[in-house]
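Here's the structure we're looking at; comments come further down.
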Protein chains: 2
Amino acid sequence: MSVRTKETCNKHIIPVRDALEVLGGRWKLQLLIHLSFGPRRFSQLAKELSPITDRTLSRELKSLEANKVITRTEYDAFPPVVEYKITPHGESLFAVISELGNWGRAHRKLIMDK
Amino acid sequence: MSVRTKETCNKHIIPVRDALEVLGGRWKLQLLIHLSFGPRRFSQLAKELSPITDRTLSRELKSLEANKVITRTEYDAFPPVVEYKITPHGESLFAVISELGNWGRAHRKLIMDK
DNA sequence: GATAGCGCTATCCTTCAGGATAGTAATATG
DNA sequence: CATATTACTATCCTGAAGGATAGCGCTATC
């Protein structure tokens, strides 16, 4: 352990932020969970996550893909067929999601009880 | 396990969201980490988290207090003395913060390499 | 009497995530 | 020839988070 400069603090904080960013926003978590049940096509996700808009779904998928948490596979067909699928790296997120859920349940209990 | 209706999905998602909300935003995580080194006064936090504004610091502290993650203690003095301190419930967050950090570090490595 | 110190609150402003709506390419089907 | 289908993109708009700046109550010190 080194001294508590702003820099050493940030070194601890940045990876936490990175993780929070991957999960952040209104849709990424839901998206991930739906994809955890198996690969999905764009329109299928749009239905399952309704009322998400196409624009937003498209952006969120790109963000997850950029973070290598899902893959995008395009098949040569018309109308287009594109499949989204969780990567092993994406799977590894579920351990921490489950920890967040455990804390969240304890939290809810504490807050609710008087 | 029950069927995968929107409702059962949400039941899993909501506590995760609760946890993410407690940590969310630009400052709460930093605030928590600084408080993990010991109780702090308002102006002390303002300096340590500079360039946070008073307005924002005040709101963030209230949010953490409402979530019972910190306590606020007011001493009878002038100029005012107010002390903020992590609760045991707040301490319990650090386990999941550390998990987030671990995933974040692995993530950064994966994304950076090639 | 002016100024400083602490822990705020009030007002105004900017930024940005995400919603609403519409349009596109290329083919198949009626 | 019109229409449907799929996976998007383009444009415009709203609401909410958070920044900038100023002020307040009460006392102590110069």
Side-chain angles (χ1 to χ4, degrees), chain A residues 13 16-35 38-67 69-86, chain B residues 6 10 13 16-35 38-67 69-86:
Chain A
I13 289 180
V16 182
R17 272 215 207 303
D18 287 347
L20 288 175
E21 202 165 315
V22 172
L23 292 176
R26 179 168 171 193
W27 297 109
K28 298 203 192 70
L29 186 62
Q30 267 187 80
L31 221 28
L32 240 28
I33 288 178
H34 278 264
L35 285 170
R40 293 277 189 281
R41 295 177 59 180
F42 188 91
S43 52
Q44 205 174 349
L45 288 168
K47 269 174 217 152
E48 293 178 353
L49 299 210
S50 164
I52 197 175
T53 62
D54 283 3
R55 172 191 134 98
T56 300
L57 178 54
S58 171
R59 292 166 101 82
E60 299 287 46
L61 287 169
K62 271 183 188 162
S63 153
L64 292 175
E65 196 196 354
N67 282 317
V69 153
I70 64 173
T71 53
R72 193 192 100 110
T73 313
E74 202 176 329
Y75 295 96
D76 192 9
F78 227 94
V81 176
V82 176
E83 205 183 62
Y84 293 94
K85 198 179 164 189
I86 295 230
Chain B
K6 221 152 204 174
N10 277 340
I13 288 179
V16 182
R17 271 214 207 304
D18 288 347
L20 288 175
E21 203 165 316
V22 172
L23 293 175
R26 177 167 173 193
W27 299 109
K28 299 204 191 68
L29 186 61
Q30 267 188 78
L31 222 28
L32 240 28
I33 288 179
H34 279 265
L35 286 170
R40 292 279 188 280
R41 295 177 61 179
F42 188 92
S43 52
Q44 205 174 350
L45 288 168
K47 269 172 219 154
E48 293 179 350
L49 299 209
S50 162
I52 197 174
T53 62
D54 283 3
R55 172 191 134 98
T56 299
L57 178 54
S58 170
R59 293 165 100 83
E60 298 287 46
L61 287 168
K62 271 183 188 163
S63 154
L64 291 174
E65 196 195 354
N67 281 317
V69 153
I70 65 174
T71 53
R72 192 191 100 110
T73 312
E74 203 176 327
Y75 296 96
D76 193 9
F78 227 96
V81 175
V82 177
E83 204 184 61
Y84 293 94
K85 197 179 164 191
I86 295 231

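Across the helix from C:dG1-D:dC30 to C:dG30-D:dC1, the helix axis at one end is tilted relative to the axis at the other end by 30° (nearest 10 degrees, each axis from five pairs).
Looking at which nucleotide of DNA chain C each of A:Gly24 and B:Lys47 is closest to, the 5′-most match is held by B:Lys47. Mapped onto DNA chain C by nearest heavy atom, A:Thr53 and B:Ser43 fall at different nucleotides, with B:Ser43 at the one closer to the 5' end.
Looking at residues two or more places apart in sequence or on another chain, you find a side-chain contact (heavy atoms from CB on, under 4.5 Å) between A:Lys85 and A:Pro39, A:Thr71. For B:Ser58, there are no side chain to side chain donor-acceptor pair (under 3.5 Å) partners, not counting sequence neighbours.
Residues from residues 71-82 of chain A lying near DNA chain C, meaning a heavy-atom separation below 4.0 Å, are A:Phe78 in numerical order.
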What side-chain donor-acceptor pairs closer than 3.5 Å can you find for residues 20-31 of chain A, not counting sequence neighbours?
| from | atom 1 | to | atom 2 | distance (Å) |
| --- | --- | --- | --- | --- |
| A:Lys28 | NZ | A:Gly24 | O | 3.1 |
| A:Lys28 | NZ | A:Glu60 | OE1 | 3.4 |

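Atom CG of B:Leu49 is separated from atom CD of B:Gln44 by 10.5 Å, given to the nearest 0.5 angstrom. With values rounded to the nearest 0.5 angstrom, B:His34 atom NE2 is found 11.5 Å from B:Ile86 atom CD1. To the nearest 0.5 Å, the span separating CG on A:Asp76 from CD on A:Glu74 amounts to 8.5 Å. Atoms CG and CD1, from B:Leu64 and B:Ile70 in turn, are 4.5 Å apart once rounded to the nearest 0.5 Å.
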Worksheet item: Checking side-chain contact (heavy atoms from CB on, under 4.5 Å) for the pair B:Leu45/B:Leu61: CA distance, chi angles, key distance, verdict?
Response: CA-CA 10 Å; B:Leu45 288 168; B:Leu61 287 168; 4.0 Å; yes
Worksheet entry | A:Asp18/A:Asn67 under side-chain contact (heavy atoms from CB on, under 4.5 Å): CA gap, chis, key distance, verdict | CA-CA 10 Å; A:Asp18 287 347; A:Asn67 282 317; over 6 Å; no
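Look at CG on A:Leu45: it is 10 Å from P on D:dC8, rounded to the nearest Å. Following rounding to the nearest Å, B:Arg26 (CZ) and C:dC16 (P) show an atom-to-atom distance of 12 Å. Protein atom CG of A:Leu49 is 13 Å distant from nucleotide atom P of C:dG18, rounded to whole Å. Rounding to whole angstrom units, OH of residue B:Tyr84 and C1' of C:dC6 are separated by 11 Å. The distance from atom CZ of A:Arg41 to atom C1' of D:dC8 is 13 Å, rounded to the nearest whole Å. Atoms CD (A:Glu83) and P (D:dT6) sit 15 Å apart, rounded to a whole Å. Between the C1' atom of D:dA17 and the NZ atom of B:Lys28 lies a distance of 9 Å, rounded to the nearest Å. Computed from coordinates, the A:Arg40 CZ to D:dC8 C1' distance equals 20 Å when rounded to whole Å.
A:Arg59 CZ: 12 or fewer foreign heavy atoms inside a 6.0 Å radius.
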List, with names and distances, any nitrogen or oxygen atoms from the protein found under 3.5 Å away from nitrogen or oxygen atoms belonging to nucleotides 9-11 of chain C.
| from | atom 1 | to | atom 2 | distance (Å) |
| --- | --- | --- | --- | --- |
| C:dT9 | OP1 | B:Lys62 | NZ | 2.6 |
| C:dT9 | OP2 | B:Ser58 | OG | 2.8 |
| C:dT9 | OP2 | B:Lys62 | NZ | 3.2 |
| C:dT11 | O4 | B:Arg55 | NH1 | 3.4 |

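Closest approach of A:Ala46 and A:Ile52 over heavy atoms only: O-CG2, 4.1 Å.
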